[in-house]
Amino acid sequence: MSACVPTRATDPSDPNRTRRVHRPHSPPPTPPRRFRIAGADVSASIAVFLIALPLSLGIALATGAPLQAGLVAAAVGGIVAGRLGGSPLQVSGPAAGLTVVTADLIHRYGWRTTCAITVLAGVVQLGLGCLRVARTALAVSPAIVHGMLAGIGVTIAVAQLHIVLGGTPQSSVLANLRGLPAQLARLQPATVSVSVLTLALLFLWPRIPGRAGQLLRRIPAALVAVAGATAAASLAGLSLPKVDLPSWSSHALAGLPEGPLLGLAAAVLTTTLVCSVQSLLGAVAVDKLVAGRPDLISGAPGSGRSARVGRSDLNRELLGQGAANIVSGTLGGLPVAGVAVRSSANVQAGAVSRNSTVLHGVLVVIAALLMVPVLEFIPLASLAALVMAVGIQMVSLHHIRTVTRHREVPVYAVTTLGVVLFGVLEGVTLGVAVAVGVALHRLTRTRITHHEREGVHHVHVRGQLTFLAVPRLSRALHLIPHGADAVVELDGSFMDHAAYESLQDWQKTHTAQGGSVELTGRRPGTRIAEPSDSAHCRCRPWTPWRNHQCERPYTASAAGHLAASGEPGAAQGPSAGRESSGHELARGISAFQRNTAPIVRGELARLAREGQQPDQLFLTCADSRLVTSMITSSGPGDLFVVRNVGNLVPLPGEESGDDSVAAAIEYAVDVLKVRSITVCGHSGCGAMQALLNSEPGGARTPLQRWLRHGLPSLERMADDARPWARLAGRAPADAVEQLCLTNVVQQLEHLSTHESVARALREGELELHGMYFHVGEAQAYLLTRTDGDGLFDHVEAAADLPT
């Protein structure tokens, strides 16, 4: 029987005709899919287009390229990179980070050769994408990237300041700075007034208060600033230089590259580096923005649908950027890269697929063809002011605080100054050299001290113990006399082979000569195990938060030995355990003061000056196994934490004189202005177990009186009319886990009845989140549905977090 039958008309009465047989319960055949654009993508594309149009013209003006080149790059970046790239919601186009590079290329080689360099940089990007080395680019220190962007921002701002003041910028930052006094002496009042109006609208528009402000802020500030300045200049009849878009028939395309081979190779390398690093880092940033939108990171809960927007494919993104640069350069456009401002606007405007990016490029094409008479009303001073503001914003105070906290200010400063004084490639090279030097300095910065106390010689090694520190270690060890007692404390997380052998050889020799040697780890009194002790010692440098000790448990016999020996902390009777706990507490505090305090002192000093400004109220159980900072990767000042037995939120007015939880909620919402509240339950909760086992009547202990606030959770679980809260992928293990999940959902309902919370929810200033932490699995779940059918999903599956 033939598998393929030609289509022909058949007679219904023909007994030999073939009948199409369907299984009785099979679904109907799936109709062919039609190309559809979601309404959210259309609205997002319009928002991005309104931002891209003035910025593209402004960046082209700042580089000295033909103004059409900015529109070509914006259109190609949207259509080509948007369609082929690996980050669906990232918007590409002419980027401010490429302004300095492109301006220098135009000054040296001319426009047509610059277009050819853009094409060659795209070819190199295609090669790098085929070699799948995209993630290698992310190995560049963030301090170098931030320093590069800051240097470019300073260069842009200083150059555009001359246009804002009515003059013409010079070819270098130093020349522009030297020329500022003369430029200030010959101000152009009309130009300055238009520039000031642009900057005022740009910075004040996002700060319009009230509901009217919420509606008006939907219009991009960049568009409002340029349109407002253009309208004011036209109404006032000011005679100013304006946008001049020549006929497309005279638009210059790419030509054969002309110039020294080495210089052209360096230009291609610089363009490739800046375009690739900015695009890849932008794709990672977009992933983080997407992770904050539940409608993108997963389908409808329980539907079994996969994520609508997955994590960015960085190698494909590199291929898409390369293709876009080839097309843009060939058509006479600026170099193309991922743009953070447009990408964040795309995500925040509600885009759900790459169609929004492509459609924004189509809108740029339409504007370039049909809106030329309107665009030619825009004063160049307004565009210069807009680009100057972008340059200033590239010097981010947040980035400076981050590199300061990580002690990478030298890398940031050298990269910034190198870009400003010498150029992008030279500045990045200097930054890489300083970053390598800082890393080697930290690796080799080992402090070794020796002192004697009560006849015992102590050698303290602080830092990483490598072969470079072996000579100093040997000198310190040889200061210990033969036959003496010695303690060597290793306060570091790494020891290489050379240092290990040197230490072991000295230990064997010293022991053979009648001396004693004790090797201890980061915590005083924690002994480094010999191989024979490996079954009992489980110290690991990667678990500094564990309250472990490589010692035998404190027993009555040990207490008696301490008492007999006269050691500090010796005790008799039942108080011995308490004495040991106090000694352990003192050890922990001592370790903090010695190891952790020097690292966090600067950050805590800043928090002490500025006061606490947490973003989140985290309400969880008092269980000792729940370490909030560990499971949320948070630090000082990040969370305002309230802990109680059972993570309960009493209803307003039912705390019977103890308003501590309600007071904390009111303080967090009304005073600290937190933006979210999380109620976190956990597995094996003793409070939920006690609630299940509680009996009506009987003595009312303080614990029983407190647990009455959990009775609504018990009633909710027993109500057959309500669906149970559940975990994604499996059923609750037992009734206790079911109650733990139900309790989180119930306490969120209690939380929303508090006046301050209800008001903040109505005004859209607060979000509520439910969380469940399984202690044994070290797995966190987030509540993805709160409409009564509470589904707790894996955080990895829900957020698709980048590794």
For [Y], does its backbone N or O pair with a side-chain atom of [X] as donor and acceptor, under 3.5 Å?
X: Ser279; Y: Ala337; answer: no
X: Arg643; Y: Cys621; answer: yes
X: His750; Y: Val649; answer: yes
X: Trp706; Y: Val645; answer: yes
X: Arg716; Y: Val745; answer: no
X: Ser634; Y: Leu639; answer: no
X: Asn315; Y: Ala134; answer: yes
X: Thr784; Y: Leu791; answer: yes
X: His774; Y: Glu777; answer: yes

Point to revise | Intermediate values then yes/no, salt bridge (charged side-chain N to carboxylate O under 4.0 Å, His left out), Arg759 and Asp670 | key: CA-CA 10 Å; Arg759 182 178 62 255; Asp670 292 344; 2.8 Å; yes
Check your understanding: Between Leu89 and Ser353, which heavy-atom pair has the shortest distance, and what is it?
Key ->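 Nearest heavy atoms, Leu89 then Ser353: CD2-O, 3.4 Å.
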Exercise for review: I would like to know whether Val91 and Ile51 meet side chain to side chain contact (heavy atoms under 4.5 Å, CB included); could you show each step before the answer?
Suggested key: CA-CA 11 Å; Val91 181; Ile51 296 173; over 6 Å; no
